[in-house]
> 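Submitted below is the structure of interest, expressed as structure tokens.
The sequence lines fix the lettering, A, B, ..., with proteins before strands; numbering per chain opens at 1.
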Amino acid sequence: KQEVTQIPAALSVPEGENLVLNCSFTDSAIYNLQWFRQDPGKGLTSLLLIQSSQREQTSGRLNASLDKSSGRSTLYIAASQPGDSATYLCAVRGGSEKLVFGKGTKLTVNP
Amino acid sequence: DVKVTQSSRYLVKRTGEKVFLECVQDMDHENMFWYRQDPGLGLRLIYFSYDVKMKEKGDIPEGYSVSREKKERFSLILESASTNQTSMYLCASSLGDRDNSPLHFGNGTRLTVT
């Protein structure tokens, strides 16, 4: 059974810092991996999707990498801003339509 | 942009009531999902549907049922609401089978059962 872990559960950084969020999964037979952002009391917003054949995806200040063999993905946020404060979740999709989610990393960027 | 709309942001219901949570997507997506999200437990899949009138149980289907009579609408039904069903409910949709399109979520319905 696929399990997805995100460490740390919470992270607090000063504005302007570059940071990395981690996601690990137990079964490397994945179809894709997605990173989401969730603001308090809201739904999830898709940030990046990495297909199993890809190594990374970039969108603006965000860069996500995927290493299937080691069961790891990272989300790199450059030049963090207070508006980046949110909970970030990763999710992996195996052979079915279902995604398995991690519990998220709550990021606080302090002005 | 894909829009997934959940009919209510907040609901308060009494124990034993039958509760309907509605979700509509506007992008002709094949797949639709219902999750619940609880502190410390993360997102858990209740039911999903990959076509009209088709449904599959997720990880925690007990106490819930679903209906998908039209492609754009996926309803979650709590047959007899209980206090342990107090939670944030999230609906999501995605394009279709074997695609690599992302999952799109609604804004959630926070349900309180008293």
> Taking side chain as everything from C-beta outward and backbone as N, CA, C, O, which of these in A:Leu48 sits under 4.5 Å from a heavy atom of chain B? Side chain, backbone, both or neither.
neither
> Taking side chain as everything from C-beta outward and backbone as N, CA, C, O, which of these in B:Gln37 sits under 4.5 Å from a heavy atom of chain A? Side chain, backbone, both or neither.
side chain
> With a 3.5 Å distance limit and no angle check, can you tell me whether A:Gln2 reaches the backbone of A:Thr26 through a side-chain donor-acceptor pair?
yes
> Looking only at atom types and distance, does a side-chain atom of A:Arg61 sit under 3.5 Å from a main-chain N or O of A:Ala78, one as donor and one as acceptor?
yes
> Relative to chain B, which segment of A:Leu44 carries a heavy atom at a distance below 4.5 Å: side chain, backbone, both, or neither?
both
> Determine whether a donor-acceptor pair (N or O, by modelled atom type, separation under 3.5 Å) exists between the side chain of A:Glu56 and the backbone of A:Ser65.
no
> For the residue pair B:Phe105 and A:Phe36, is the inter-centroid distance of their aromatic rings smaller than 6.0 Å?
yes
> Given a strict heavy-atom distance threshold of 4.5 Å, which part of B:Leu103 is in contact with chain A: side chain, backbone, both, or neither?
both
> Where does B:Arg9 contact chain A at under 4.5 Å (heavy atoms): side chain, backbone, both or neither?
side chain
> Centre-to-centre under 6.0 Å for A:Phe101 and B:Tyr35, is that the case here?
yes
